[in-house]
**Student:** 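To start, I am sharing the structure in question, which I have written as structure tokens.
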Protein chains: 2
Amino acid sequence: MTCSATHVTEQIRARGFRLTQPRMAILNVLYEAGGHLTPTEIFEHLHPKLPHVSEPTIYRNLDFLRLNGFVRATPTGNGRLEYEIVGHPHHHLRCQDCGTEIEIEHSLLQPLYERLEQSTGYRLTETHHTFLGYCPRCKPKGE
Amino acid sequence: MTCSATHVTEQIRARGFRLTQPRMAILNVLYEAGGHLTPTEIFEHLHPKLPHVSEPTIYRNLDFLRLNGFVRATPTGNGRLEYEIVGHPHHHLRCQDCGTEIEIEHSLLQPLYERLEQSTGYRLTETHHTFLGYCPRCKPKGE
DNA sequence: GTGCTTATTGTAACTTATTACAATAAAAAG
DNA sequence: CTTTTTATTGTAATAAGTTACAATAAGCAC
């Protein structure tokens, strides 16, 4: 387990929640993957080693981890959610033709967030956005 | 049928597609609703009058209408999609506490889009984003 | 370690979304 | 109007996501 994974597990116990086998396993899969995974992908990663871990447990724990700020839910544009370990805040830019994705720092969106907060009175919580478009390679096709 | 609905149906035929009963009915429901609806909501609106129209037809037509630019799919943040008639490009700002939604003009995001395009080489297609946060009324609770 | 408390889990049932393919009906031609 | 073509549909089966509730096991006290 990585250093930051240990930090998360300590946090979970410190907040009075239980450190169960499925919960740790889900975190480990997300850490090992590095990027974002769908609930089904996580289930498939886990199933060989822990065949008793059920889908509802995956969904409930992902929601639990999200509400506690340990993972982020990223809407993929097709109306499904993927999950990833919370690191630095960022967003994605995905090519709708070939699927290539690049990360963009949240700092690029910060000015927009501030402008939106001023003009609407809302306080925005930083969440993940996926911007769709055509990557430089596929751009000619899209035109 | 409204003027712009007529425009859409003409466009569909002009592009060589067929103007079927389910397709028109789905468009009408979206026009009458004014805002965004889930596929299931559309199905429920339609079912009393057209009981033979099936769910797959709803999903396929929403996808068809989206690909042809007549409706917009809006990810709601919970991992589902809602659909609405394409009018002026806009986004939503939703309160994660009480659910209140307000619209913001896409023009507010245009500068960001241009900056992203310059720094990444991608060409962004205008899509809908839902920004989550707390509305002025619920802001105190979220703090 | 043993027992208690209750957060968390698995099972079962259900809702929502998607796919495959044969049947249908919209549009065009005769 | 009738026939032909094929985009579009409905049916049936499946995948993905959610809910309800009784069973389990994590953490705590003894």
Side-chain angles (χ1 to χ4, degrees), chain A residues 1 6 8-29 36-68 70-71 73-83, chain B residues 1 6 8-29 36-68 70-71 73-83:
Chain A
M1 197 183 281
T6 311
V8 170
T9 57
E10 275 168 10
Q11 274 293 308
I12 288 174
R13 296 191 57 173
R15 295 187 199 181
F17 298 111
R18 294 179 184 175
L19 210 51
T20 62
Q21 205 186 27
R23 191 164 284 171
M24 287 191 295
I26 291 167
L27 273 170
N28 277 330
V29 170
H36 39 100
L37 296 174
T38 64
T40 302
E41 282 167 345
I42 295 171
F43 178 77
E44 283 161 1
H45 272 77
L46 249 51
H47 200 65
K49 291 187 180 175
L50 302 169
H52 62 92
V53 174
S54 61
E55 268 113 337
T57 295
I58 309 270
Y59 286 97
R60 280 180 299 217
N61 269 303
L62 288 173
D63 219 44
F64 165 86
L65 293 169
R66 183 181 58 77
L67 288 171
N68 281 277
F70 300 126
V71 306
T74 75
T76 58
N78 61 30
R80 296 276 163 86
L81 293 176
E82 294 182 346
Y83 292 84
Chain B
M1 196 183 283
T6 312
V8 170
T9 56
E10 275 168 10
Q11 274 293 310
I12 288 173
R13 296 190 58 171
R15 297 185 198 181
F17 298 110
R18 292 179 185 174
L19 210 52
T20 62
Q21 204 186 24
R23 189 164 286 170
M24 287 191 295
I26 291 167
L27 273 170
N28 277 329
V29 170
H36 38 100
L37 296 174
T38 64
T40 302
E41 283 167 345
I42 296 170
F43 178 77
E44 284 161 0
H45 272 77
L46 249 51
H47 200 64
K49 290 186 180 175
L50 301 169
H52 61 92
V53 174
S54 61
E55 268 112 338
T57 295
I58 309 271
Y59 286 97
R60 279 179 300 219
N61 268 306
L62 288 173
D63 219 44
F64 166 87
L65 292 169
R66 184 181 56 78
L67 288 171
N68 281 277
F70 300 126
V71 305
T74 76
T76 58
N78 60 29
R80 295 277 162 86
L81 293 175
E82 293 183 346
Y83 292 84

**Student:** For F43(B), which residues count as a ring-ring contact (aromatic ring centres under 6.0 Å, His included) partner, sequence neighbours excluded?
**Tutor:** H47(B)
**Student:** Once you round to the nearest 0.5 Å, how far does CG of N28(A) lie from CD1 of I42(A)?
**Tutor:** 12.0 Å
**Student:** Decide yes or no, distance alone: a donor-acceptor N/O pair under 3.5 angstrom between the base of dA27(C) and the side-chain of R18(B).
**Tutor:** no
**Student:** Contact class for T20(B) vs. all strands (heavy atom < 4.0 Å): base, sugar-phosphate, or nothing?
**Tutor:** sugar-phosphate
**Student:** For a side-chain contact (heavy atoms from CB on, under 4.5 Å) with I26(B), tell me which candidate from L37(B), L62(B), T20(B) qualifies.
**Tutor:** L62(B)
**Student:** Can you pull every protein N or O that's under 3.5 Å from an N or O on nucleotides 16-19 of chain D?
**Tutor:**
unit_1: dA16(D); atom_1: O3'; unit_2: R80(A); atom_2: NH1; d: 3.4
unit_1: dG17(D); atom_1: OP2; unit_2: T40(A); atom_2: OG1; d: 3.2
unit_1: dG17(D); atom_1: OP2; unit_2: Y59(A); atom_2: OH; d: 2.3
unit_1: dG17(D); atom_1: O5'; unit_2: Y59(A); atom_2: OH; d: 2.9

**Student:** When the distance from CG of L65(A) to P of dT9(C) is rounded to whole Å, what number comes out?
**Tutor:** 10 Å
**Student:** dT9(D) C1' sits how many Å from L46(B) CG, rounded?
**Tutor:** 14 Å
**Student:** For I12(B) and R23(B), work out which heavy atoms get closest and say how close.
**Tutor:** CD1-CD, 4.2 Å
**Student:** Between atom CG in N61(A) and atom C1' in dA25(D), what is the gap in whole Å?
**Tutor:** 14 Å
**Student:** Which residue lies toward the 5' end of DNA chain D, G16(B) or H52(B), if each is placed at its nearest nucleotide?
**Tutor:** G16(B)
**Student:** Whole-Å distance between dT15(C) P and F43(B) CZ?
**Tutor:** 12 Å
**Student:** Picking from I58(B), L46(B), T57(B), L50(B), what satisfies side-chain contact (heavy atoms from CB on, under 4.5 Å) with P22(B)?
**Tutor:** T57(B)
**Student:** Can you tell me if N78(B) uses its side chain to pair, donor with acceptor, with the backbone of R80(B) under 3.5 Å?
**Tutor:** yes
**Student:** What's the CZ-P distance between R23(B) and dA7(D), to the nearest Å?
**Tutor:** 11 Å
**Student:** Given atom CG of L19(A) and atom P of dC28(D), what is their separation to the nearest angstrom?
**Tutor:** 11 Å
**Student:** What is the distance from CZ of R13(A) to C1' of dT8(C), rounded to the nearest Å?
**Tutor:** 15 Å
**Student:** Would D63(A) and R66(A) pass as an ion pair if we require N to O under 4.0 Å?
**Tutor:** yes
**Student:** What is the distance, to the nearest angstrom, from the CD1 atom on I12(B) to the C1' atom on dT8(D)?
**Tutor:** 13 Å
